[in-house]
There are 2 protein chains.
Amino acid sequence: MPTHESDALAIGTLRFLAVDMVEAAASGHPGAPLGLAPLAHLIWTRQLRFDPADPAWPDRDRFVLSCGHASALLYGLLHLAGYDLPVAELERFRQLGSRTPGHPEHGHTPGVETTTGPLGQGLATAVGMAMAARMLGGRFDRPGRPLFGHRVWVVASDGDLMEGISAEAASLAGHHRLGNLKVFWDDNRISIDGATDLAFSEDVGARFAAQGWRILRVDDGNDLTALERALDEAAAETQRPVLVAVRTHIGYGSPRQDSAAVHGTPLGAEAARATREALGWPAEPRFLVPDAARAPYREAASRGAAEHAAWRERLAGLAGEEVAAVAELERRLAGRLPDGWQEALPDFSAADPAIATRAASGKVLNALAARLPELVGGSADLSESNSTLIKGEEPFSPERPAGRYVHFGVREHAMGAIANGLALSGALRPFVGTFLIFSDYMRPAIRLAALMGQPVVYVFTHDSIFLGEDGPTHQPIGQLPALRAIPGLVTLRPADACETVQAWRLAAGRRDGPTALVLSRQKLPVLAETAERARQGVARGGYVLWESAPGTPDLILLATGSEVALALDAGRQLAAGDRRVRVVSLPSFELFAAQEAAWRDAVLPPACRRRLAIEAASPFGWHRWVGAEGEVVALDGFGASAPAEDLAAHFGFTVEAVVERALRLAPAP
Amino acid sequence: MPTHESDALAIGTLRFLAVDMVEAAASGHPGAPLGLAPLAHLIWTRQLRFDPADPAWPDRDRFVLSCGHASALLYGLLHLAGYDLPVAELERFRQLGSRTPGHPEHGHTPGVETTTGPLGQGLATAVGMAMAARMLGGRFDRPGRPLFGHRVWVVASDGDLMEGISAEAASLAGHHRLGNLKVFWDDNRISIDGATDLAFSEDVGARFAAQGWRILRVDDGNDLTALERALDEAAAETQRPVLVAVRTHIGYGSPRQDSAAVHGTPLGAEAARATREALGWPAEPRFLVPDAARAPYREAASRGAAEHAAWRERLAGLAGEEVAAVAELERRLAGRLPDGWQEALPDFSAADPAIATRAASGKVLNALAARLPELVGGSADLSESNSTLIKGEEPFSPERPAGRYVHFGVREHAMGAIANGLALSGALRPFVGTFLIFSDYMRPAIRLAALMGQPVVYVFTHDSIFLGEDGPTHQPIGQLPALRAIPGLVTLRPADACETVQAWRLAAGRRDGPTALVLSRQKLPVLAETAERARQGVARGGYVLWESAPGTPDLILLATGSEVALALDAGRQLAAGDRRVRVVSLPSFELFAAQEAAWRDAVLPPACRRRLAIEAASPFGWHRWVGAEGEVVALDGFGASAPAEDLAAHFGFTVEAVVERALRLAPAP
């Protein structure tokens with residue numbers, strides 16, 4: 001155990017590295033690091049199992065700074081702990097191209113386990129990380145040879161706890177008795193608007209206790225003895241998640257201590273000087289790191305290295321007995337799918353009966369699940385409707401940690417963040433389902449998956465007004481364009497079972513970002529055209545499904561999903577006489593946009609300006625493909641509650657109505 | 001008090017009207033109505049103050065069915081209570097054009113207080129309704145003459161309570177000690193995936209108690225005596241919101257009672273018959289409404305009518321003493337703004353120093369607030385950043401119910417739903433602020449505001465990468481297009497202070513839907529061109545801000561918000577020589593799209609295909625205005641953490657880069 005002198009030095013170092021970073025950037029959040037430094041220091045040096053030589057060691061403990069605005073504290077910790085984050089990077093805090101952005105970004109800075117900043121996301125993602133450890137342990141741990149015994153340590157702010165996603169995630173964590181999750185609440189009683197009691201007077205401990213958590217308290221966040229005791233107690237608890245309420249002081253030691261003014265504004269030279277003086281820290285130099293401050297981290301890292309070595313030995317021991325298990329683990333950690341996995345994909349043909357794409361998706365998912373043990377997921381209480389159930393699979397539970405199916409309850413937002421946490425394990429490929437309309441509930445988490453490049457698969461069913469009688473509250477209109485507007489997310493709306501197979505093939509094969517599958521509630525015919533063309537076509541995002549004659553068309557009908565069959569029927573009718581009509585299926589705007597111009601121009605010849613798109617959603621975004629002279633059969637307002645066929649007639653999604661629109665756009669020659 | 005016989009008949013009527021509606025539609029949710037009928041019946045006949053002769057009576061009690069899928073129950077109640085909802089409408093449950101859609105829709109069916117279905121929204125909106133009663137009471141109640149003493153009665157499901165928005169809203173309700181809010185939890189232990197304990201094992205009562213609620217329990221949801229007692233106790237509590245946990249049985253009396261199978265699927269003829277038999281209800285006729293079943297509702301309605309008359313007398317009494325107060329109330333209830341309100345709007349000119357549009361918005365908001373007492377609102381803990389503070393206004397609190405400013409805490413989603421609840425009062429015009437990036441957190445509530453046509457104003461600041469150092473976690477990219485894709489929402493991104501004034505003018509004047517104001521963090525010059533043109537131009541959504549020469553331009557630059565000044569600078573540079581360059585400001589896609597073609601073609605002449613749009617966001621949706629041959633200076637991926645000027649250079653938002661792009665698109669003649 002390091003001496004208290006080096007602890008004091010390390011805590012001072014963390015505090016003033018943060019102050020100096022924020023001062024150098026003239027931007028940032030000095031308040032939280034000043035208050036949290038003792039707690040963070042002790043988590044890292046007394047508890048956190050880490051090995052800076054291998055930031056990807058699968059059984060490392062995870063540290064999640066849910067209050068990502070305190071990033072300067074995290075960068076100081078990573079620096080002291082020996083990650084590849086030299087002082088030169090700290091000096092470039094919040095500058096273009098530095099490894100020290102304003103909020104911690106996973107994949108950008110070594111040692112940052114997840115991207116945080118949008119409040120609540122870190123805590124909910126951490127629940128996913130704790131679940132991932134349980135799941136992986138369930139599959140790979142052997143008696144006496146644990147491989148996934150790691151813990152997840154979280155520092156969360158008042159703001160994190162006010163966000164609804166935290167309540168959702170905490171409820172699931174308690175339900176699953178995630179004893180490997182330790183959350184420290186930075187109880188500083190200040191949020192941006194002022195004292196938290198302006199808006200926050202709940203009994204946080206009682207709230208978490210009601211959700212099945214163990215509650216601990218530390219009355220003074222500068223009392224190292226009390227903090228260490230709480231850390232030991234938290235570590236010893238393995239049956240319940242733990243919330244440790246730590247009373248801290250935002251901006252500790254600064255002239256603006258305990259005030260909102262110190263949250264997100266640099267101290268300024270004068271107050272920084274006064275803070276140094278108050279806490280007995282040298283006025284110069286800036287970015288001071290006394291060598292003694294590194295001692296406790298060196299010790300923790302060397303403990304971590306030894307634990308890592310022991311872990312490797314346990315892995316080697318397992319390898320001696322269970323070749324397949326270790327090969328699977330290594331394959332999964334490498335992000336590789338097993339050889340021949342695509343052979344599992346089912347085939348559909350026009351001879352098959354009509355089938356909803358959600359149902360086709362369920363078949364594909366089940367086929368894949370048999371080959372891909374890394375495929376884990378569930379639904380926000382719509383398992384049957386989303387066709388996400390894996391047949392024969394037991395649900396994940398404290399008793400069955402190897403269960404691959406998660407009943408998320410009606411908690412879309414936490415589900416999204418938990419999926420991120422599962423994916424961040426590197427050894428799980430999560431899928432999560434809900435109705436497309438409720439993608440709105442989980443949008444901030446989807447965005448983070450995209451920002452982090454995590455391969456989460458979203459199964460969004462009931463994808464249009466054609467869900468029918470549930471009415472406008474449940475009928476997505478703006479959700480498709482809203483998803484398409486998220487950079488890095490691939491959104492796929494397959495036309496039938498064949499395209500659904502290909503959509504899943506792409507989603508499962510993707511390693512660098514999330515995929516949204518947008519699927520019908522209603523049955524759709526399996527199209528003769530897709531069987532041969534969908535494989536290449538879906539991968540290209542858009543392709544010629546059918547044309548009445550080769551050559552530059554007189555009219556192009558474009559559609560996605562359930563409207564493709566309609567476009568085909570209308571196209572065939574419009575092709576009477578000499579008119580050259582083409583039908584294009586465009587399951588993914590993003591993939592199509594990413595093709596070389598030659599492909600895009602071959603599918604949508606620039607010479608043909610008469611283009612009619614058909615999609616039962618907002619027309620927003622379609623003009624990129626139909627051009628200024630093209631039109632879109634779409635919905636300008638909300639839907640209505642009625643049987644699907646009545647809605648089709650009412651909103652103009654019939655062959656007759658489409659043909660009429662097309663004839664107005666491109667009158668018969 | 002009606003006899004228990006008529007109660008039993010009424011309860012049976014509610015149950016079997018629901019069963020018959022669902023059977024007739026072959027679609028819907030019979031389970032919840034069967035379980036909830038006794039509770040709902042007693043709320044309506046023993047407590048709810050309503051007057052079907054005037055569904056808009058301002059002091060009526062509100063009934064919110066947060067579990068909107070139980071709509072058939074609500075329609076039965078409205079029918080029995082004498083609202084304009086005849087049996088013929090019940091028979092057309094879930095049919096096109098009926099007044100009985102799949103989920104209750106406010107504005108569509110008389111007596112439906114808010115649109116519900118997306119879980120959690122009803123409960124959170126109800127918190128807004130309870131706050132509205134407090135606020136209006138704070139302004140208009142006089143000693144001995146209360147005008148806003150009404151209560152809000154909510155029925156909520158397990159799913160409602162699992163959603164994070166409920167935790168956010170409940171926390172605020174407890175914080176504000178909303179004793180006028182009574183929530184009944186339909187504790188039926190079943191959700192769609194099966195038993196709730198698959199995913200939900202928290203102690204709900206303890207959780208709400210931790211948030212400051214009074215907890216009551218009813219062990220048998222069919223025990224009318226116990227229910228009545230709980231209702232009395234709930235009504236008597238005025239210091240805290242009340243949660244009554246009512247143990248019910250989903251699908252009560254049916255062969256599938258207590259199973260998920262009865263949640264969202266019609267019983268089918270055989271099970272419907274069995275249920276009738278089990279509960280002693282006649283096999284025929286369908287849609288039976290025994291006259292005696294109406295008796296308790298008649299009595300409640302006549303009590304309500306008397307209370308309404310007494311209320312009118314109190315109002316008349318006030319009118320005799322305080323003419324201005326009553327005139328204000330009547331004006332507000334009519335949705336009219338006071339004469340001359342626009343005179344309050346400040347003026348800006350190019351002589352003014354540069355000012356962020358968020359700061360300009362703050363000035364406009366304060367000027368309006370002085371004239372419009374109905375303007376109430378707040379921020380999700382970003383009051384200073386959003387410039388939403390009303391100077392000199394005390395925050396809303398239990399001690400200051402007339403306070404117009406609400407500190408929502410870090411609870412964007414509940415804030416959005418609460419704003420809906422405030423707006424639904426008809427006498428409040430809510431505004432709510434957060435960063436644009438966090439519009440994602442509140443998107444489901446924004447969508448409901450649009451669906452209900454409620455005039456909520458969203459103040460979304462920090463609207464682009466130019467917020468700078470906070471980095472990609474906080475830099476909106478896909479949020480602008482995502483908002484533009486919501487039908488009924490008007491999104492305005494003003495170019496400078498002058499356009500901000502006009503944007504607020506439109507937002508404040510709007511009565512039929514919500515408006516999103518998208519505002520810069522950074523200072524922007526006040527443009528010489530906007531002072532004269534913005535008033536008409538912003539109302540039109542898009543307008544010619546500047547052109548180098550009249551006539552059809554050779555090149556059009558289009559921009560919104562902070563990029564308009566950039567477009568002007570680039571345009572002036574590009575206009576060297578003979579080239580005719582035009583700069584178009586397009587603050588609102590929706591408003592521009594709604595103009596007649598003549599206006600749109602005058603602004604964007606079809607003959608000019610060389611169009612370059614500039615917006616620091618996703619390019620998604622811009623091709624409608626630039627056409628297939630146009631281009632967009634935008635962001636294809638996420639932003640970065642750096643000072644704003646470095647980001648401008650890095651991402652190509654400089655005059656030089658724009659000019660270069662423009663020259664490639666439209667080479668010099």
Side-chain angles (χ1 to χ4, degrees), chain A residues 27 94-96 101-103 117-119 159 162-165 167-168 171 175 191-193 198-203 206-207 210-211 381-383 407 409-411 413 440-441 443-444 451 469-473 477-478 481-482 485-487 618 620-621 623-624 627-628 637-638 641-642 646 650, chain B residues 27 94-96 101-103 117-119 159 162-165 167-168 171 175 191-193 198-203 206-207 210-211 381-383 407 409-411 413 440-441 443-444 451 469-473 477-478 481-482 485-487 618 620-621 623-624 627-628 637-638 641-642 646 650:
Chain A
S27 160
R94 296 181 155 236
Q95 302 308 303
L96 195 63
H103 292 81
L119 290 174
M162 289 190 231
E163 290 285 5
I165 186 176
E168 295 179 7
S171 183
H175 179 75
S191 69
I192 297 177
D193 271 7
L198 277 172
F200 191 55
S201 50
E202 63 189 44
D203 180 338
R207 172 185 132 187
Q211 293 186 317
D381 198 39
L382 292 166
S383 295
H407 291 283
V410 190
R411 303 184 183 97
H413 200 175
D440 277 357
Y441 274 72
R443 200 169 154 80
L451 183 54
E469 291 91 340
D470 272 348
T473 53
I477 302 291
I486 298 178
S618 161
F620 195 81
H623 282 85
R624 177 158 184 195
F638 292 100
S641 170
D646 296 346
H650 183 71
Chain B
S27 160
R94 295 181 155 237
Q95 303 307 303
L96 195 62
H103 292 81
L119 291 173
M162 290 190 230
E163 291 285 5
I165 186 176
E168 295 179 7
S171 182
H175 178 74
S191 69
I192 297 177
D193 271 6
L198 278 172
F200 191 55
S201 50
E202 62 190 44
D203 180 338
R207 171 185 133 187
Q211 294 187 315
D381 198 39
L382 291 167
S383 295
H407 291 283
V410 190
R411 304 184 182 97
H413 201 175
D440 277 357
Y441 275 72
R443 200 168 154 79
L451 183 54
E469 292 90 340
D470 272 347
T473 54
I477 302 291
I486 299 178
S618 160
F620 195 82
H623 282 86
R624 176 157 184 196
F638 291 100
S641 170
D646 296 346
H650 182 71

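Note: hydrogens, waters and symmetry copies are ignored here, and every other heavy atom, side chains too, is used. Since this is a predicted model, take the numbers as computed values, not measurements. Chain letters run A, B, ... following the sequence lines, proteins first and then strands; every chain starts at 1.
Chain A forms more heavy-atom pairs under 4.5 Å with one residue of B/Pro487, B/Ala642, B/Pro118 than with any other, namely B/Pro487. The most heavy-atom pairs under 4.5 Å with chain B, out of A/Asp203, A/Thr473, A/Asp381, come from A/Asp381. Counting heavy-atom pairs closer than 4.5 Å to chain B, the top residue among A/Ser201, A/Ala206, A/Gly409, A/Gly117 is A/Ser201. For the set B/Arg207, B/His650, B/Arg624, the entry with the most heavy-atom pairs within less than 4.5 Å of chain A is B/Arg624. Ranked by heavy-atom pairs under 4.5 Å with chain B, the first of A/Ala167, A/Ser171, A/Gly478, A/Pro472 is A/Pro472. Highest contact tally toward chain B, considering only A/Gly471, A/Gly627, A/Gly621, A/Ala628, is held by A/Gly621 [criterion: heavy-atom pairs under 4.5 Å].
Between B/Phe620 and A/Phe620, the ring planes are tilted. Angles from 30° to 60° get that label.
Within the model, atoms OG of A/Ser191 and NE2 of B/His407 stand 9.0 Å from one another, a figure rounded to the nearest 0.5 Å. For the atom pair CD (A/Glu202) and CD (B/Gln211), the distance works out to 4.5 Å, reported to the nearest 0.5 Å.
For A/His413, the part lying near chain B is the side chain, with the backbone staying farther off; criterion is any non-hydrogen pair under 4.5 Å. If you measure heavy-atom distances from B/Ser618 to chain A, the contacts under 4.5 Å come from the side chain alone. For a residue to count as touching a neighbouring chain, one of its non-hydrogen atoms must lie under 4.5 Å from one of that chain's; by this rule B/His175 touches chain A with backbone and side chain alike. Interface residue B/Ser383: backbone and side-chain heavy atoms are both found under 4.5 Å from chain A. Heavy-atom distances place the side chain of A/Ser27, and not its backbone, under 4.5 Å from chain B.
With sequence neighbours left out, the side-chain hydrogen bond (donor to acceptor under 3.5 Å, both in side chains) criterion links A/Gln95 to no other residue. Partners of A/Asp193 under the salt bridge (Lys or Arg N to Asp or Glu O under 4.0 Å) rule, at least two apart in sequence or in another chain, do not exist in this structure.
Within the 3.5 Å criterion, the main-chain N or O of A/Pro101 finds no donor-acceptor partner in the side chain of B/Ser641. Side chain of A/Asp440 to main chain of B/Pro444: no donor-acceptor pair is present (N/O by atom type, distance under 3.5 Å, no hydrogens or angles). With A/Asp470 contributing its side chain and B/Gly102 its backbone, the two residues share no donor-acceptor pair below 3.5 Å. Not one N or O on the side chain of A/Tyr441 forms a donor-acceptor pair closer than 3.5 Å with the backbone of B/Gly164. Formation of a donor-acceptor pair under 3.5 Å by the B/Arg411 side chain with backbone atoms of A/Ala199 is found in this model.
Contact between A/Asp646 and B/Leu96 at its shortest, heavy atoms only, is O-CD2, 4.0 Å. Closest heavy-atom contact between A/Gly159 and B/Val410: CA-CG2, 3.7 Å. Across every non-hydrogen atom of B/Arg443 and A/Ala482, the tightest pair is NH2-CB, 3.3 Å. The minimum heavy-atom distance between A/Ile192 and B/Leu382, with the atom names listed, is CD1-CD2, 3.6 Å.
You'll find the side chain of A/Glu168 stays beyond 4.5 Å of the side chain of B/Met162, heavy atoms only.
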